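No experiment lies behind these values; they were computed from the predicted model shown. Residue numbers count from 1 along this sequence. Atoms within a ligand are numbered from 1 in the order they appear, just like the ligands themselves.
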Amino acid sequence: MTKPVFRFAPSPNGRLHLGHAYSALLNADFAGRFGGRFLLRIEDIDITRCRPDFEAAIHEDLAWLGLQWEIPVRRQSEHFADYRAAFLKLKGRGVVYPCFCTRRDIVQAVARREQESGRDWPRDPDGAPLYPGTCREVPAAEAERRIAAGEPQAWRLDSAAAQKLRPGPHAFRRFDRDGREETVAADPWRWGDAVIVRKETPSSYHLSVVVDDALQGVTHVVRGQDLEAATDLHVLLQALLDLPTPLYHHHGLVLDPTGDKLAKSRQSPALSELRADGVTPQAIRRRLGF
Ligand code: GLU
């Protein structure tokens, strides 16, 4: 039997904190328990926010924690051709369409709909309003003209077309630390017409993550609960792209003393700062329950 494959997939847009340490250590712990492999993947498609010094710090912090991963490390920014190939497959299947809307266009369209209906417009699991579908109505010839004229465009999932092609029911398998598994129902439609290729970068987190998990043969995805809802969308993309669906484990998040999720934006202490303060990797492991 082939070995299970785990991965830790941080984005180099800030310093790693205890939450990242927990996720990385848990992946490595699972890999150890299940006799699996452990990969590191750098998720740096957002070229405006990712920085080489943050990337170097990821390697440094993880090595300091005592982790070892396979070489070479996959860096997403080196694989836009793979994401493009996947995008073209979705396009060929008629399940994406170009969207020229600015954020402001969307806010205004949603406000109009809310005013007309007197009701709140539906939101996605992250709390953002579902895309109101404005560009779904743009005729193909007009869209082609606008693209040729250089108008910036994102590409969105045509969820109605996707639902026709892959009606489901969609589901994935969840696993726990004792190797128990259960089936979980997935509802990708609650994401509406999600962005699959962004305006600023020729991919998206959702597209790159399903392509890479498949290309790297990842069998077990271990990541935070904050990404649990996104898995529903990932399962649909896997179905649309004929990719296998890995098993998933969404772990609880490490909270700060006030009960908030640790975040770069909330000045949670970085591992490098804890290290500079004399905290040892052993103390971090203990504190995180390893
Ligand atoms: N790159 C994502 C993050 O840093 C994690 C992606 C994943 O594990 O699927 O939040």
Side-chain angles (χ1 to χ4, degrees), residues 4-31 36-51 54-59 61-62 65 67 69 73-80 82-83 86 125-126 172-175 184 186 188 191 194-196 198 201 203-238 241 243-255 261-266 268 270-271:
V5 181
F6 293 81
R7 91 300 193 272
F8 174 57
S11 297
N13 54 15
R15 303 270 170 204
L16 298 189
H17 52 61
L18 280 175
H20 298 105
Y22 180 68
S23 204
L25 288 166
L26 187 61
N27 265 288
D29 182 68
F30 264 121
R37 296 164 51 201
F38 175 57
L39 312 180
L40 169 65
R41 181 169 73 225
I42 299 294
E43 301 214 323
D44 60 348
I45 57 164
D46 189 343
I47 30 212
T48 56
R49 293 174 62 221
C50 293
R51 291 186 358 204
F54 289 143
E55 187 175 337
I58 288 173
H59 288 257
D61 290 343
L62 297 180
L65 283 173
L67 293 171
W69 53 91
V73 169
R74 186 171 171 94
R75 301 175 68 238
Q76 291 191 323
S77 59
E78 293 170 352
H79 298 281
F80 282 115
D82 291 331
Y83 314 134
D126 286 344
F172 61 89
R173 301 278 291 165
R174 169 197 285 161
F175 67 99
V184 184
W191 289 97
V195 171
I196 300 302
R198 285 162 45 186
T201 190
S203 189
S204 63
Y205 160 60
H206 303 302
L207 183 62
S208 294
V209 83
V210 299
V211 167
D212 282 354
D213 283 339
L215 275 175
Q216 296 191 286
V218 171
T219 57
H220 291 68
V221 172
V222 175
R223 61 185 175 197
Q225 256 161 13
D226 52 341
L227 292 171
E228 189 161 15
T231 303
D232 291 8
L233 184 56
H234 298 174
V235 167
L236 173 65
L237 289 175
Q238 286 150 0
L241 290 165
L243 301 175
T245 295
L247 296 160
Y248 288 90
H249 175 89
H250 297 101
H251 60 75
L253 301 176
V254 180
L255 303 177
K261 179 183 143 184
L262 294 181
K264 293 159 192 164
S265 51
R266 269 194 291 276
S268 304
L271 292 177

Q.
Which of the numbered atoms in ligand 1 are under 4.0 angstrom from any heavy atom belonging to Tyr205?
A. 6 (C), 7 (C), 9 (O)
Q | Contact check: Ala9 vs ligand 1, nitrogen or oxygen atoms, below 3.5 angstrom | A | yes
Q: May I ask you to list the atoms of ligand 1 that are less than 4.0 angstrom from any heavy atom of Val209?
A: 9 (O)
Q) His249 vs Phe175 aromatic rings, parallel, tilted or perpendicular, using cut-offs 30° and 60°? A) tilted
Q. Looking only at atom types and distance, does a side-chain atom of Asn13 sit under 3.5 Å from a main-chain N or O of Cys50, one as donor and one as acceptor?
A. no
Q | Audit row: Thr245, Gln238, side-chain hydrogen bond (donor to acceptor under 3.5 Å, both in side chains) steps and yes/no | A | CA-CA 6 Å; Thr245 295; Gln238 286 150 0; 2.7 Å; yes
Q) Which atoms of ligand 1 are found less than 4.0 Å from any heavy atom of Glu43? A) 1 (N), 2 (C), 5 (C), 6 (C)
Q. Is the closest side-chain heavy-atom distance between Asp44 and Glu55 below 4.5 Å?
A. yes
(Q) As a quick check of understanding, evaluate side-chain hydrogen bond (donor to acceptor under 3.5 Å, both in side chains) for Gln216 and Arg74, giving each step before the final call. (A) CA-CA 9 Å; Gln216 296 191 286; Arg74 186 171 171 94; 4.8 Å; no
**Q.** Mutual orientation of the aromatic rings belonging to Phe80 and Tyr83 [parallel < 30°, tilted 30-60°, perpendicular > 60°]
**A.** perpendicular
Q.
Using a 4.0 Å heavy-atom cut-off, which part of Phe8 comes near ligand 1: side chain, backbone, both, or neither?
A. neither
Q: Tell me, please: is Arg7 in heavy-atom contact with ligand 1, that is, under 4.0 Å?
A: yes
Q: Could you tell me which atoms of ligand 1, counted from 1 in the order shown, lie closer than 4.0 angstrom to a heavy atom of Ser11?
A: 1 (N), 4 (O)
